[in-house]
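Pasting in a structure now, in structure tokens, and then I'll have a few things to ask.
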Amino acid sequence: MSANPFPPGFTPKSDFLRVLGERGYIHQCSDFEGLDAAACAGTLTAYIGFDATASSYHVGNLLVMMMLRRLQQAGGKPIVVMGGGTTKVGDPSGKDETRRLLTDADIAANIESLSHVFAKLLTFGEGPSDARMIDNDAWLSRFGYVEFLRKFGPHFTINRMLSFDSVKLRLDREQPLSFLEFNYMLMQAVDFLELNRRFGCSLQMGGSDQWGNIINGVELIRRIDQKSAFALTAPLIATASGAKMGKTAAGAVWLNADLLKPYDYWQFWRNTEDADVGRFLKLYTDLPLDEIARLEALAGAEINEAKKVLATEATALIHGREAAETAAGAARAAFEQGQLSSDLPTVEIARESLAGMSNTALMVAAGFAVSNGDARRQIAGGAFRIDGVKVTDANAAVAVSGSQAELRKGNSRKRLVIV
RNA sequence: GGGGGAAUGUCCCGAGUGGCAAAGGGGGCGGACUGUAAAUCCGCUGGCGUACGCCUUCGUAGGUUCGAGUCCUACUUCCCCCA
């Protein structure tokens, strides 16, 4: 059981805080008592801001998305703020160098591609606890420079801004922090103020690296409107062996299906470390806690059953129940029955081009190697199999006679080749 | 304004006397062992070529040299001291 995230003597009365606490989402809160009272008093409206710097989110972003889902499940109203405006400036938190500036067109394209995942996790609409999505460019771009400075500048001191981790990290590493980025925290604070006024949004959530940014918003609301608002952050999730969540060989574990196939997404969860299964079930699935407790208690090789449940449930949330079952079935056929499954991710190669193709080229084509040299080294290390037969000669022609074959790299990465 | 230092393999940290594809970690990948896990041990970790090999890399741009990560000049960014 995870440690009690609440201060001594505090027991939440609201479903929202109780569930977040039980399932392990809570790292820090500006005022547990006040937030709990607000959650009990009526519909709690909370927001999380999301960057639009890439075309897909990855599992590292999933945690806070789940917090919005929990809020809605508890009767609250979630607001997704797309950072169309803030992305024009760039959040320095957690980055050790300045990102290249994105064009407005890039940002618009990213937002389009990013929005879909929220529809999977939240119910949108006009009802009291329906989710809303809003782009902060709507208000941030309206301000003139002098107007912005006069309105909000007096409420921030450089002394304090310099003390925030996002700034200190950059300074300590002797990396430049541009004035542009330095302004990011003001913009995020203004977001919170604006949402508080428009929708009565009184809570901002985020990752633990957002604490400083969120607190700035809480204080701005108190100073300008004399109202109370709250900050709540989630812990940084790492695996039991300390690796950051969501980084694998192939890069980030993307949530968009065009960047990472549901099958591979399922595999990601299937390969969870034993020690993380219970924690991840609580965070990344909707299964009830007693069911999770049962799964978590499985010992030895039986814990694999829990991992399959985790994989299927987590995949169903993002890619739908059907895709999750398909992925589970493909894995069952490929791993447990040793059969070819047409549901494995496939690589299609024309018969003519296969004729003279070397094993090296095939491995690159399958996405198992990033370069020919990499493929050669992998083959030398015995990493590559075709239909279970280890490939030994990197330069030999591919030995595939039928119309399809199973490619395998390492113990667990599989692809189907269709000729 | 003056003086002194720093920037290294585009994942991170970090050695580096003019001969360097560049020590060592971490991370990652692969092999063995397993349960598609962890731990442990071993191997790999710039690109192209079957290969003697070729190409591109040490903040940016020039220069000296047969040869430059290493020396010189200018620039960019950061740190420290003096004013």
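All values reported here derive from a predicted model rather than from experimental measurement.
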Name the pairs: protein N/O against N/O of nucleotides 55-58 of chain B, kept only if under 3.5 Å.
none

How about NZ on A:Lys13, more than 12 heavy atoms from neighbouring residues, nucleotides or ligands closer than 6.0 Å, or not? no

NA contact type, A:Glu302, heavy-atom cut-off 4.0 Å: base, sugar-phosphate, or nothing? nothing

According to the ring pair (Phe, Tyr, Trp, His ring centres under 6.0 Å) rule, which pairs have a member within residues 334-355 of chain A, sequence neighbours left out? none

SB check A:Asp286 A:Arg70 (cutoff 4.0 Å): yes

Strictly by Watson-Crick or wobble contacts shorter than 3.5 Å, is anything paired with B:rU77, and which nucleotide is it? B:rA6

Proximity of A:Phe152 and A:Phe148 rings by center, below 6.0 Å: yes

Establish, yes or no, whether a centroid distance under 6.0 Å links the rings of A:Phe124 and A:Phe118.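 So the answer is no for these two rings.
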
Will you find, in the side chains of A:Gln188 and A:Asp191, an N or O donor that is under 3.5 Å from an N or O acceptor? no

Categorize A:Asn395 for me: base, sugar-phosphate, or nothing, with a 4.0 angstrom heavy-atom threshold over every strand shown.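 Answer is sugar-phosphate: A:Asn395 comes under 4.0 Å of backbone atoms only.
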
When both hydrogen-bonding distances must be under 3.5 Å and the geometry is Watson-Crick or G-U wobble, what is B:rU40 paired with, if anything?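 Looking at the geometry, B:rU40 pairs with B:rA32.
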
Sorted by number, the residues of residues 372-389 of chain A with heavy-atom contact under 4.0 Å to RNA chain B: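 A:Asn372, A:Gly373, A:Arg376, A:Arg377, A:Gln378, A:Gly381, A:Gly382, A:Ala383, in order of number.
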
In terms of side-chain geometry, is the basic nitrogen of A:Asp343 or A:Lys261 positioned less than 4.0 Å from the acidic oxygen of its partner? no

Partner nucleotide, any strand, of B:rA68 [Watson-Crick/G-U, under 3.5 Å]: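 WC or wobble partner does not exist here.
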
Do the two ring centres, one from A:Tyr47 and one from A:Phe192, sit under 6.0 Å apart?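 Under 6.0 Å, so yes.
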
